[in-house]
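If you're wondering where the values come from, they're calculated on a predicted model, not measured in any experiment.
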Amino acid sequence: MIRVHLVDGTYELFRAFYGAPKQLDPGGREVGGALGLARSLLGLLRNTRVTHVGCAFDTVIESFRNELYAGYKTGEGVDPLLLAQFELTEEITRALGIVVWSMIQHETDDALATAAARWKKDPRVRQVVICSPDKDFAQCVETKRVVCLNRRSGQVMDEDGVRKKFGVPPSSIPDWLALVGDSADGYPGVQGWGPKSTSTVLARYPHLEDIPPRARDWRVNVRGPERLAANLRQSFDDCRLYRLLATLRTDVDLKEDLEDLEWKGAHREDLEKICGDLGETGLLESVPKWRRS
């Protein structure tokens, strides 16, 4: 049975940029992040259990969500040296023989959510593994069939893990994020609603519309229920918008079939050219398999 590994390329590039050694190519261009990500991907590919892989990138940081909410995250404040490596990173990832989804209108998260929703239904697939610690992906988790893997810590989060971490099932994660807010994505949540109170309320009332407007009708024990209820009433429309922002799309137009995700090795000619241009030789020695012509 097949395990499909779905990689959050944007997260991996950010992690490599800030964690890997800086490195200049012969022309003086900073390429350390891209090469760090390549080494990370090769580490994944050396695992014999990894046979089918797809990787998504935010080719453009902005998405359709910026049209819905002016405060949504943008590329502002992102290091230009990092932004400049996205194109190179996608090029290297393709040369490694991995399917790449370049997101422009949608986000990386939407591509991986779409892929998870598609291939979890395939009877040939034993498990879909979303390789990212991003809490947004918790909404995609399903039993042990779709799980999240934090490659840095090695921690795997299944549906029981989602309930343990957030206090709610995967289906309530968009509501949880809407109430608590997400500073990384740029929406504030509802005033006074912290993780603990949100988990307690949503455990009893799974979605925003299920929460009684008046605290006297709540059947939960939380601190300051009247204030929480009043703030939610006042911000209810905004909160529904935040939930829309937090909800990952599962209708991205991904062209590939399951067979296309099978990793058959790196493209020798393409990768050798890239490494030659970058003045990098060690990467080639780390490739576990080359694709046959």
List the atom of [X], the atom of [Y], and the distance in Å for their closest heavy-atom pair.
X: Gly36; Y: Ala16; answer: C-CB, 3.8 Å
X: Cys275; Y: Leu283; answer: SG-CD2, 3.8 Å
X: Thr59; Y: Ser102; answer: OG1-CB, 3.1 Å

Against Asp25, only a single residue in Asp277, Leu88, Leu278 fulfils side chain to side chain contact (heavy atoms under 4.5 Å, CB included); can you say which?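 Passing option: Leu278.
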
Residue pair [X] / [Y], side-chain donor-acceptor N/O under 3.5 Å:
X: Gln127; Y: Arg145; value: no
X: Asp58; Y: Thr10; value: yes
X: Ser132; Y: Arg151; value: no

Would you be so kind as to tabulate the donor-acceptor pairs closer than 3.5 Å made by side chains of residues 258-271, with sequence neighbours excluded?
unit_1 : atom_1 : unit_2 : atom_2 : d
Glu259 : OE2    : Arg124 : NH1    : 2.6
Asp260 : OD2    : Asp257 : N      : 2.7
Trp263 : NE1    : Leu96  : O      : 2.7

To the closest 0.5 Å, what do you measure between OG (Ser172) and OH (Tyr205)?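 The distance works out to 13.5 Å.
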
Is the shortest distance from a Lys or Arg side-chain nitrogen in [X] or [Y] to a carboxylate oxygen in the other one below 4.0 Å?
X: Lys144; Y: Glu159; answer: no
X: Glu12; Y: Arg39; answer: no
X: Asp253; Y: Lys255; answer: yes
X: Asp160; Y: Lys164; answer: no
X: Glu30; Y: Lys22; answer: no

side-chain hydrogen bond (donor to acceptor under 3.5 Å, both in side chains), that's the test. Do Thr247 and Gln139 meet it? Break it down for me. CA-CA 8 Å; Thr247 301; Gln139 65 191 272; 4.9 Å; no

Side-chain donor-acceptor distances from residues 183-192 under 3.5 Å, at least two apart:
unit_1 : atom_1 : unit_2 : atom_2 : d
Asp185 : OD1    : Lys73  : NZ     : 3.3

Pairwise side chain to side chain donor-acceptor pair (under 3.5 Å) hits with a residue in residues 209-234, at least two apart: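 Qualifying pairs: Glu209-Arg243.
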
Backbone N or O of Leu81 within a donor-acceptor pair of the Gln85 side chain at under 3.5 Å?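 Pair found, side chain donor or acceptor close to backbone of Leu81.
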
Ignoring hydrogens and geometry, is there a side-chain-to-backbone donor-acceptor pair from Asn150 to Ser153 under 3.5 Å?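 It does hold such a pair.
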
Following the transitive rule for hydrophobic clusters with a side-chain heavy-atom cut-off under 4.5 Å over Ile, Leu, Val, Met, Phe, Trp and Tyr, establish whether Val180 and Trp193 coincide in one cluster.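 Linked, Val180 and Trp193 end up in one cluster.
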
